[in-house]
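Have a look at the structure below, then the notes.
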Protein chains: 2
Amino acid sequence: MDAPDDWPRFAVTVDLVVLTVRHGRLHVLLVRRGEDPWRGAWALPGGFVHPDEDLHEAAARELAEETGVHQAAGHLEQLGTYGAPDRDPRMRVVSVAHLVLAPDLPEPTAGTDAAAAAWVPVEEVAGPDLAFDHARILADGVERARAKLEYSPLATAFCAERFTVAELRAVYEAVWGRPLDPRNFHRKVTSVPDLLVDTGERRTEGRGRPATVYRPGPATTIAPPLSRD
Amino acid sequence: MDAPDDWPRFAVTVDLVVLTVRHGRLHVLLVRRGEDPWRGAWALPGGFVHPDEDLHEAAARELAEETGVHQAAGHLEQLGTYGAPDRDPRMRVVSVAHLVLAPDLPEPTAGTDAAAAAWVPVEEVAGPDLAFDHARILADGVERARAKLEYSPLATAFCAERFTVAELRAVYEAVWGRPLDPRNFHRKVTSVPDLLVDTGERRTEGRGRPATVYRPGPATTIAPPLSRD
DNA sequence: GGTCTTTCTCGTCACGACGACGATAAGCCG
DNA sequence: CGGCTTATCGTCGTCGTGACGAGAAAGACC
């Protein structure tokens, strides 16, 4: 381990689990592979880490390149690293997966080097259809998102800059896949200090009484956590 | 990204944050570096991933090689990956850090390729003394351990196969760095279903009423969590 | 053997958070 | 102007928790 050139060479990639909520359902951004192996299969967007960039930078760059999403709004964090020796038949690849939570975006943009990109409802993703070990990575990403909504203000990353309590609740319901009581949810989120900041604005969504419009506050944790049971 | 040999070469290593509780204090296993850079500085144990092994395997192997610890008892999980371009001046290294929680071990064993190994109380580790970005990795590992004790039965990984409630409480107090009420702690942990299994045995620790001896049960989560406040 | 001390274990009580759900406010729509 | 819908506030019983009292069961000391 001393000789500076006596070490195995690995390819290092970043893979992205990009989640959003559309029409009340949790979606993941997938690209269709244009090359072997797994030609024609769905895969997570990703690519090689460049020699001079940090992992977080590489993830942000790939996100912009392949999906046109700029991470300004939303949230990007490292998810985990996957490095089974046979996960890619071509070479020894270690992939650092990242989790992105994004607000509902215009329309999936075909990437530069992917045949197609699309938002796919998470429940409709058939595990075996995904390339490499991406089914596992996706499952880990979804589970991380579900868990983090409990104790972090991360759900706001799925919302626009300004949002109502009902919109925030819709995020929780989509990610957790179960309905929440609007009254208890309202009481809970409005009682957490510094979680929501009242903008003074009111917004009426078609029917019903107008809702107060909030923007995210400086709170970093929700204590005690929301419970998904 | 198509040519199988058109990609940057990285070295991939595993680094280990090995924690244990000794004499009521949280300790981390450190090795003293015998080579430049950072010769003579403390560092986390670790080493290169071999071409044919998975990351988890590599971590377990390094643990055994450098510290003589077999992961049979204890707990090993991936912590996170650190890949800043300049974190090692010799080459581009991406390090997959792992967290190990081990019961109190005989005595630190000098590793095969490290000058010395030692248990160091976590509070006494001076950040700038650690090699590379290991201070950050250690901080992340300790924070992960603290957080996981809240909602997982992981504290038992710090204990021997059979332990008393007081021993378990000592683990929490050491990791969280604050005293807990023995009566409330006892009520809490004994009320979680399948967390502790009564072995029928009693053990008297010098003074005082003998304590019931438990072994870990099949529970995977503590709900609702313990609070470290 | 009797006390004292120590530790383990069980109870009690007040408070706060939560789930279930009723009631009111404030807009649209016909 | 009623009806409908959604937002927001209140109430009530239950449960988990922190603070702490009290009994149980051992060793220590006289």
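Since this is a predicted model, take the numbers as computed values, not measurements. The basis for the numbers below is simple: all heavy atoms, side chains too, and nothing from hydrogens, waters or symmetry mates. A, B, ... follow the sequence lines: proteins, then strands. Residue 1 opens every chain.
- Not a single donor-acceptor contact under 3.5 angstrom links the side-chain atoms of Arg203(A) to the base of dT6(D).
- With rounding to whole Å, Asn184(B) atom CG is found 11 Å from dG11(C) atom C1'.
- Seen from the ring of Trp42(B), Arg32(B) counts as a face-on cation partner, given the 6.0 Å and 45° thresholds.
- Within 6.0 Å of the CZ atom in Arg207(B), the count of heavy atoms belonging to other residues, nucleotides or ligands does not exceed 12.
- Counting to the nearest Å, the P atom of dC18(C) and the CG atom of Leu226(A) are 8 Å from each other.
- Annotation: proximity of residues 209-220 of chain A to DNA chain C (heavy atom, distance under 4.0 Å) is found for Arg209(A), Pro210(A), numbered in ascending order.
- Per the geometry, CZ belonging to Phe163(B) stands 14 Å off P belonging to dC8(C), to the nearest Å.
- Glu205(B) has its CD atom 16 Å from the P atom of dT6(C), to the nearest Å.
- One can find a donor-acceptor pair under 3.5 Å joining the base of dG21(D) and the side-chain atoms of Arg183(B).
- At most 12 non-hydrogen atoms from other residues, nucleotides or ligands lie less than 6.0 angstrom from CZ of Arg215(B).
- Taking atom CZ on Phe185(B) and atom P on dT7(C), their separation rounds to 17 Å, with Å as the unit.
- Ion pairing of Glu57(B) with Arg61(B) is absent here, as no side-chain N (NZ or NE/NH1/NH2) approaches a carboxylate O to less than 4.0 Å.
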Steps toward side-chain contact (heavy atoms from CB on, under 4.5 Å) verdict (Asp15(B), Tyr82(B)): CA-CA 10 Å; Asp15(B) 283 327; Tyr82(B) 301 79; over 6 Å; no
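- Between Leu226(A) atom CG and Lys188(A) atom NZ the span is 5.5 Å, to the nearest 0.5 Å.
- Taking the nucleotide of DNA chain D with the nearest heavy atom to each of Thr190(A) and Gly208(A), the more 5' of the two is matched to Gly208(A).
- dG10(D) atom P lies 11 Å from atom NE2 of His186(A), rounded to whole Å.
- Looking at the side chain of Ser227(B), the nearest of the listed nucleotides dA17(C), dT9(C), dG18(D) is dG18(D).
- Tested against Asp140(B) for a side chain to side chain contact (heavy atoms under 4.5 Å, CB included), the candidates Glu143(B), Arg144(B), Arg136(B) yield a single pass: Arg136(B).
- Residues Arg207(A) and Asp181(A) each lie close to DNA chain C; by heavy-atom proximity, the contact nearer the 5' end of the strand is made by Asp181(A).
- Computed from coordinates, the Leu180(B) CG to dA19(D) P distance equals 11 Å when rounded to whole Å.
- The Ala166(B) side chain lies nearest to dC8(C) when the options are dC8(C), dA17(C), dT17(D).
- The base of dG19(C) sits with one of its N or O atoms less than 3.5 Å from a complementary donor or acceptor on the side chain of Arg187(A).
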Going through the checks in order, is the side-chain contact (heavy atoms from CB on, under 4.5 Å) test met by Val94(B) and Val94(A)? CA-CA 10 Å; Val94(B) 166; Val94(A) 165; 5.6 Å; no
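- Atom OH in Tyr151(B) sits roughly 21 Å away from atom P in dG16(D) (whole-Å rounding).
- Where Gly206(B) and Pro225(B) each meet DNA chain D at their nearest nucleotide, the meeting point lying more 5' is that of Pro225(B).
- Note on Arg169(A): only backbone sugar-phosphate atoms sit closer than 4.0 angstrom, heavy atoms only; bases stay farther off.
- When the side-chain nitrogen and oxygen atoms of Lys188(A) are compared with OP1 and OP2 of dC18(C), one or more of them lie within a distance under 4.0 Å.
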